Amino acid sequence: MRYMIKSRLAALNKKSVDVIDELRRRGINTNPGEFSLAVNGRLATAKADRICSVADEILTEWESIRK
């Protein structure tokens with residue numbers, strides 16, 4: 001699992017749709033299926049890498065706010 005996104009979401013009590021909404025606000029158009037494939041490493045494209053990278057940034061921001 002890339003960037004441990006699922007476990008970090010659970011720790012923050014957030015859902016995938018929360019990240020997907022924020023990705024869209026940041027100009028990355030995705031849907032739950034594509035997000036899931038990217039996070040689980042089953043989609044090997046530049047867009048999937050970008051989804052995971054920006055999702056990691058989003059989660060890091062949320063984690064810093066939570067502390």
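All values reported here derive from a predicted model rather than from experimental measurement.
Side-chain atoms of D18 never come within 3.5 Å of backbone atoms of K14 as a donor-acceptor pair (strictly under, hydrogens ignored). Side-chain atoms of S36 do not come within 3.5 Å of backbone N or O of G33 as any donor-acceptor pair. Within the 3.5 Å criterion, the main-chain N or O of R42 finds no donor-acceptor partner in the side chain of N40. Without hydrogens or angle criteria, R24 side chain to T30 main chain gives a donor-acceptor distance under 3.5 Å.
Ion pairing of R25 with E22 is present here, as a side-chain N (NZ or NE/NH1/NH2) and a carboxylate O approach within less than 4.0 Å. For R26 and E61, the salt-bridge test passes: some basic side-chain N is under 4.0 Å from an acidic carboxylate O.
Note that the CZ atom of R66 and the CG atom of L59 stand 11.5 Å from one another [nearest 0.5 Å]. Once rounded to the nearest 0.5 Å, the distance linking CG of N29 with CD of E34 reads 8.5 Å.
I5 has its side chain out of reach of V19: every pair of non-hydrogen atoms, C-beta onward, lies at least 4.5 Å apart.
For N13, the CG atom is loosely surrounded, since the number of other residues' heavy atoms within 6.0 Å does not exceed 12. The 12-atom threshold is not exceeded at NZ of K15, counting heavy atoms of other residues, nucleotides or ligands nearer than 6.0 Å.
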In sequence, state the C-alpha distance, the side-chain angles, and the governing distance for L23 and F35, and then conclude on side chain to side chain contact (heavy atoms under 4.5 Å, CB included). CA-CA 10 Å; L23 286 166; F35 179 80; 3.9 Å; yes
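Side chains of R8 and T60: a donor-acceptor N/O pair is present below 3.5 angstrom, by distance only. A donor-acceptor pair shorter than 3.5 Å cannot be found between the side chains of S53 and D49.
Of all heavy-atom pairs between L43 and A38, the closest is CB-N, 4.0 Å.
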